[in-house]
Every structure is written in structure tokens, then in C-alpha cells.
Protein chains: 2
Amino acid sequence: MKRAPVTAQDVADYAGVSRTAVSRAFTPGASVSAETRAKVQRAAEALGYQVNHLARGLIRSESGLVALIAAEIETPYRSALLSQLAQGLLAAGKTPILIATDRSDDSVRQALQHAISYRTEAAVILSGMPDSALCDICLRNGMRLVLVNRDEARKGTLQIRLDDHEAGVTAFNTLRRAGCAALALVSSAAGTPSLAGRIAGFRHAAEAAGVTIQERSTGATSYQTGLEIGTDLLSSTTPPDGIFCVTDLLACGVLDAARCRFGLGVPADLSVIGFDDIAQAGWESYALNTFAQPTGEIAATAIDWLSDPDGETRVVQLPVRMVWRKSVRVPA
Amino acid sequence: MKRAPVTAQDVADYAGVSRTAVSRAFTPGASVSAETRAKVQRAAEALGYQVNHLARGLIRSESGLVALIAAEIETPYRSALLSQLAQGLLAAGKTPILIATDRSDDSVRQALQHAISYRTEAAVILSGMPDSALCDICLRNGMRLVLVNRDEARKGTLQIRLDDHEAGVTAFNTLRRAGCAALALVSSAAGTPSLAGRIAGFRHAAEAAGVTIQERSTGATSYQTGLEIGTDLLSSTTPPDGIFCVTDLLACGVLDAARCRFGLGVPADLSVIGFDDIAQAGWESYALNTFAQPTGEIAATAIDWLSDPDGETRVVQLPVRMVWRKSVRVPA
DNA sequence: CTGAAAGCGCTTACAG
DNA sequence: CTGAAAGCGCTTACAG
């Protein structure tokens, strides 16, 4: 019972065939007689044999591995996307490796090197941004790269992004149309490209409309930050009556500050819009108007591109859809 | 720029040493002169070389891979545990592979076979239960197994579980002490060992105290189910004033049913206790009294055992701690 | 400290 | 259809 994994040779001996035959029995479309294949299959079953993908990957130089690189994977949006990616990859016959980072660029660097070590066929990056040099090394090592919600383009990669700017504009217009007079924009200190896009969109729309808005961006992109900023905003002498939170987590915090701490009615006294459409946005306590991240589509797009042997440099911009619930006043 | 990964031979040529030297330069503690090592390091840097772990794993017969097998990985508790596990594994020098299942036993079977294919050194199972035969095959292939919150013991595995029964008892006592007269027990149709344990504890305590309780268990273990059961329970002619939900997700649903649909005050009109201590339990809208899953400890225990070369069959029962917030009335 | 050689478990031309 | 042989990229005794 020592660690003595079953090998193709064992199966060959047991079945009375060559190990070449065993190999072929496990290769779809290889030329083996049905009889031999059956014999091998029986032997494999009896011995509990599984092809060693490490060895197979080595010789075919395709490991079947795909690295998923992300920070804060316990977060609702992140885990939802990861789930889609993992399931899609598995369904496509690939095996996801999970590399948790701390969103620093150095952390992505390590993650990518890690991925190279395992000769992953690709890496899907959800957090942080690798520099060009690193990307080149990956490419040179035959690795495909897909960047999700990252901003800068990199040669040879697939970049999937949303129309964040547009969402910011829509958020502004929606709040105005709801009759909100004092608008606020809530963000975190993270400063990732997608958050920046939403902020810019909202700002531009406000400028174009000639209205001034309050802005807050401190701390992590979390519920806690939303709670703090919300409390701060609402206790001012000129509290906003319409808030766009760049993230649902932030929005939930703002909503709780409004309701639990100030006894405000939503949307009667305050309208709030979020972004991501995490599960909690649909919970009755929040019933948050938000923008849906098309996680399924993101995953599908990534996997399609990876399945295409000659996927060239590409940027895919996915449309973002507003989910209307009950946190924004309906114009009379 | 074809997929021509850099090899140790390339580095050797570039550095003007043998490929044995290259290998040694990347093996901690190997006997190489500092000079050679430096030369190799420089060459590797210039070429963007990373040791091929597939090949190294093959020859050392230790892949460095650990499979994480779980269903519903986008769920708060699950993703929190996965995050801890992934980070811990990475810190311990292991690489996590993520296999999403659908919690059916057949799905775990496939997952495990998948793991064997990659010669993972271990598999951590969070969902589903492999049968004995399968466990044996894993063991025979030199794979370690850790079962989290699974019930039955399997030879050669590490089993980590919580004192679910005790939690059920504590929930009952807490609700009684809070003065609740009509108690209900809310669960799902999942029937996993941990849920069953909590149910049993609550039931036993009730029987011992001679009080009858209402029970509901339908649907998935989700917010939605909690909302439905809560609505159903609260619209009866004899609504409960104290509810133990076997899971926080369920509890959040019940809480929302009570507040949003029946205008009930919590804990004034209704006391609720959950289990898991997911992030949302701490959000102000819920402020849920619950039992904390020691995810950090679970991960640490698993990784410790995996790091111990001769980890024998073991069952570790972790204590579960009640987190007191505001969803249970404080006895006068 | 260093390198030539054997071997990890597989696959894939190459003959038959 | 089948098997003996070479080779994927690495590591590790084995000599020197």
C-alpha cells in the first residue's frame, strides 16, 4: 500500500498486451482493435489505472491545465465568475489551477511564473496586471493569456471587458430621471480599470449635464467601506438623495447605513444603484438596482478563444445590462 | 514565437554548463558552486526559463498538486473555505487544482479520477462522498484524502468535522433562554451529514425538554428556500417566535420574509439563529446570531496533515463558536 | 563540484 | 492492427 501508482506497464502485463496498446486504448481515434481496447479497459478497471496526465502532457506538450489567477476569491462577484470559469473549463476538458493573489503586481508575477512551471496552456487573469515583459515570457513559453476587466491591451492576449463607461452614464441618467437632486458617487481606493471606467462615465455625464456631484473613494471595495462612506455622506448637512456605488458590495453597505443607521426609506428618501448583480443584490432587504456582470458570457468567451488554436490578439467588449429592482424611485 | 517553451538544455547551452548543473541550480541544497548557480540563474532569467514541474513531478513522483473538490463554489461559505485552502496550499508550496462538482456521488467519482490523472498528492473533498472502493483506488495511487464535514470515516483519510450536534443543542437552549415559546427548525432537502447533525442536536434537545417543534426541510440550501419556508411558517395560524436555521443562507431568507413580508421586528417578534457565519450574517440588515465555521482552522488542519509525510487515519473535531449579534432577544 | 547516463510514464513515428 | 524503439524535460545515482 506504499505510494506505488498503477502504470501503463502494469495494465499491459495484466492484459497481456504491449504498453503501446494500452496507450492507444486511451487515445480516442487510435488504431486498436475493439477487442484489445476492451481487454485493456478491463485490466485498467481492475487495477484502478488512470492515464498519467503529467507524462502525457509532457510528451504531447499540452498539459490540459489552465491557471485561474485572482485576488479576493471569497467575494461574491469573484467567486461567481470563478465558478463559471471552473465549470466551463472542466466541461471543455481542461483542468483549472487556482492561484490566489493579493492583487499586487508582484503577486501576479509570481502567479504567472507558477503557471509557467506547470506549463499551463493558458492563464485567465482576474486581478492585477502583468507587465509586457512578463506577457512576452508567457507567450514565448506557449501560454495563452486572457485578461478579464483589465484595461491595457497586451499583444497576443484576449481581453474581455465591459462597457463600464456606458454603465456610469446610464447610472447618472437613471438617477436624474428618478428625480434625484443631490447626487453622489461612491467608490473605493482600489482604482482598478473597471472601477475607473464607471467613475469616468458618471462624472462625464454629470459634467455634460452641468450638475456637481459629491465623490467618495476610500478603503477596500467592500461592504464595510460602503457602510462607512454611506454613514459619512448621510450625516452631512447636504446628504445626497441619489447614489451610484461602483460595486454592489459598496451599495449594500450604503443601503444599510441609510436604513439601519438613519432610518431612511429606499427609494422614497434615497435612490441607490450598484454594479455586479451579486446574489445579495436580489435579496429582499436590498432589492438593488444594478448592472449585471455577464459572468456566464465572460467565461464562455474565454473558453471559446482558448479552444480556438489560433486565437489572435483580441478585445471583446461585452454589453452590460441594467437590472431594475426597487432601490430607485420610479418617476411619477 | 511558436509554442517552444524554454528548456533546461537551452539554459545549459546559454550558460555553458551541463543540463545536470541547471537541474542542480534549481534544487535547494544540491551541490553546486555558487558561481555555477549564479551563471545558471542569469541564463534562466535571460531566457525566461521556469523548471517544468510536469517533468519534475514525473521523476520525483510528487506533482505538487492538490485537488480541491467542491460543489456550489460560488456560495459564501464554500468560497470562503476554498479561499483559505487555496492560500494555505500555495503558501505551503502546493498548487491547488479546482474541480467543481454537482454534489452527486457520481460527480465526486469523476472528480477523483480526474485528480488521479494528474497524480495530485491529495484531494480535499468538500462536497459529496466517495465510496470505499474509490477511496482505496486513490490510496493505492498514493493519494491522500481529506474529507471536510463528511460523516462516514474512511481508512487512510483525515476527516475534519464540527460539533454540529452540539450546535443544534446550543441553538435550542439559546432560543428557549430568550423566552421563545414556539420553536421551528428550518433546513433544506440536501440532507448532508453536517446539516443532519445540527438537526439531530436541536431535535434531541427539544425532546429532552419535552417541547414540540415545527420542522421544515425542502429545496436547496439557499436564500430562496429560506424566504419560502419563512413565508410559509410565518403565515400559519401558529407562527413560531424562535427559529433555528441550519445555515446562514436559509436564515437570511427567513429574516427577509419576517421583515419585508410580515413587517416583523427582529428580535422583538422573532428570534433567529443561523450557522456558518458568512459575511452577510454580519451585515447590519441581518446582524445574525450564528455559529462560526472555523474556516481558517479547517484549512490549517488539512494542510498540516498533508505536510506530515505519515499522516495516518484521523478524525479531527473542531469546536464551533456561537457569534452573538442581534437576531436573538436578550432575556430580560 | 561536475557531467554522462539511466530512467520517470507516457506517446508516436517506424516497421511489420 | 500491433510492438520495439526513440524521445518529451527533468532528476539522481554513479563516476570522476
Side-chain angles (χ1 to χ4, degrees), chain A residues 2-40 43-44 47-65 116-121 140-143, chain B residues 2-40 43-44 47-65 116-121 140-143:
Chain A
K2 249 313 192 60
R3 44 170 53 231
V6 186
T7 163
Q9 187 60 259
D10 299 334
V11 178
D13 294 347
Y14 188 101
V17 298
S18 71
R19 72 166 165 286
T20 305
V22 176
S23 184
R24 281 199 264 257
F26 283 97
T27 305
S31 67
V32 228
S33 67
E35 190 190 356
T36 320
R37 175 162 267 152
K39 236 187 322 189
V40 171
L47 266 30
Y49 172 75
Q50 294 286 129
V51 175
N52 184 333
H53 274 62
L54 263 30
R56 170 180 279 184
L58 189 58
I59 207 162
R60 288 199 182 154
S61 59
E62 44 180 54
S63 63
L65 263 18
I116 295 177
S117 303
Y118 279 97
R119 298 297 187 265
T120 63
E121 298 176 3
R140 202 184 318 157
N141 277 283
M143 194 163 116
Chain B
K2 250 309 191 61
R3 46 170 49 231
V6 187
T7 165
Q9 187 60 259
D10 299 334
V11 178
D13 294 348
Y14 189 101
V17 298
S18 71
R19 73 165 163 284
T20 306
V22 176
S23 183
R24 283 199 262 256
F26 283 98
T27 305
S31 68
V32 228
S33 68
E35 190 189 356
T36 321
R37 176 162 266 151
K39 238 188 320 191
V40 170
L47 264 31
Y49 171 75
Q50 294 286 131
V51 175
N52 184 335
H53 274 64
L54 262 33
R56 170 180 280 184
L58 189 59
I59 207 162
R60 287 199 183 154
S61 58
E62 42 179 54
S63 63
L65 262 18
I116 295 177
S117 303
Y118 279 98
R119 298 297 186 266
T120 63
E121 300 176 3
R140 201 185 318 157
N141 276 283
M143 195 163 116

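Any value given below was found using the heavy atoms of this structure, including those in side chains, with hydrogens, waters and symmetry copies removed. Throughout, protein chains are lettered first and strands after them, A, B, ... in sequence-line order, and every chain is numbered starting at 1.
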Measure from the side chain of [X], starting at C-beta and using heavy atoms only, and say which of [options] lies closest.
X: Ser31(B); options: dC1(C), dA4(C), dT11(C); result: dC1(C)
X: Thr7(A); options: dG3(C), dC8(C), dC10(C); result: dC10(C)
X: Arg56(B); options: dT11(C), dT2(D), dT11(D); result: dT11(D)
X: Tyr49(B); options: dC10(D), dT2(C), dC10(C); result: dC10(D)
X: Arg119(A); options: dT11(C), dC10(D), dT2(C); result: dC10(D)
X: Val17(A); options: dC10(D), dT2(D), dG3(D); result: dG3(D)
X: Arg60(A); options: dT11(D), dC1(D), dT11(C); result: dT11(C)
X: Asn52(B); options: dG3(C), dG9(D), dC1(D); result: dG9(D)
X: Thr20(A); options: dA4(D), dC10(C), dT2(C); result: dA4(D)

Would you tell me if any nitrogen or oxygen in the side chain of [X] comes within less than 4.0 Å of OP1 or OP2 on [N]?
X: Thr36(B); N: dT2(C); result: yes
X: Thr27(B); N: dT12(D); result: no
X: Ser33(B); N: dT2(C); result: yes

Discussion item. Tell me whether Phe26(B) at atom CZ has more than 12 heavy atoms from other residues, nucleotides or ligands lying less than 6.0 Å away.
Written reply: yes
What is the distance, to the nearest angstrom, from the [atom1] atom on [X] to the [atom2] atom on [N]?
X: His53(A); N: dC8(D); atom1: NE2; atom2: C1'; result: 16 Å
X: Gln9(B); N: dT11(D); atom1: CD; atom2: P; result: 13 Å
X: Leu54(B); N: dG7(D); atom1: CG; atom2: P; result: 21 Å
X: Ile59(B); N: dC8(C); atom1: CD1; atom2: C1'; result: 5 Å
X: Leu58(A); N: dC8(C); atom1: CG; atom2: C1'; result: 9 Å
X: Arg19(A); N: dC1(D); atom1: CZ; atom2: P; result: 22 Å
X: Glu35(A); N: dT2(D); atom1: CD; atom2: C1'; result: 12 Å
X: Arg24(A); N: dG9(C); atom1: CZ; atom2: P; result: 20 Å

Worksheet entry | Nucleotide opposite dA4(C) in a Watson-Crick or G-U pair, distances under 3.5 Å | none
Practice prompt. Counting Watson-Crick and G-U wobble pairs only, both distances under 3.5 Å, name the nucleotide matched with dA13(D), or none.
Written response: none
Worksheet entry | Criterion side chain to side chain contact (heavy atoms under 4.5 Å, CB included) on Thr27(B) and Arg56(B), from CA distance to verdict | CA-CA 11 Å; Thr27(B) 305; Arg56(B) 170 180 280 184; 4.2 Å; yes
Worksheet item: Are Tyr14(B) and Leu47(B) side-chain neighbours, meaning at least one heavy-atom pair lies under 4.5 Å?
Response: yes
Discussion item. Can you confirm whether Arg24(A) sits close enough to Val17(A) that some side-chain heavy atom of one is under 4.5 Å from a side-chain heavy atom of the other?
Written reply: no
Practice prompt. Please check if the side chain of Ser63(B) supplies one atom and the backbone of Arg119(B) the other of a donor-acceptor pair under 3.5 Å.
Written response: yes
Worksheet item: Ignoring hydrogens and geometry, is there a side-chain-to-backbone donor-acceptor pair from Thr7(B) to Asp10(B) under 3.5 Å?
Response: no
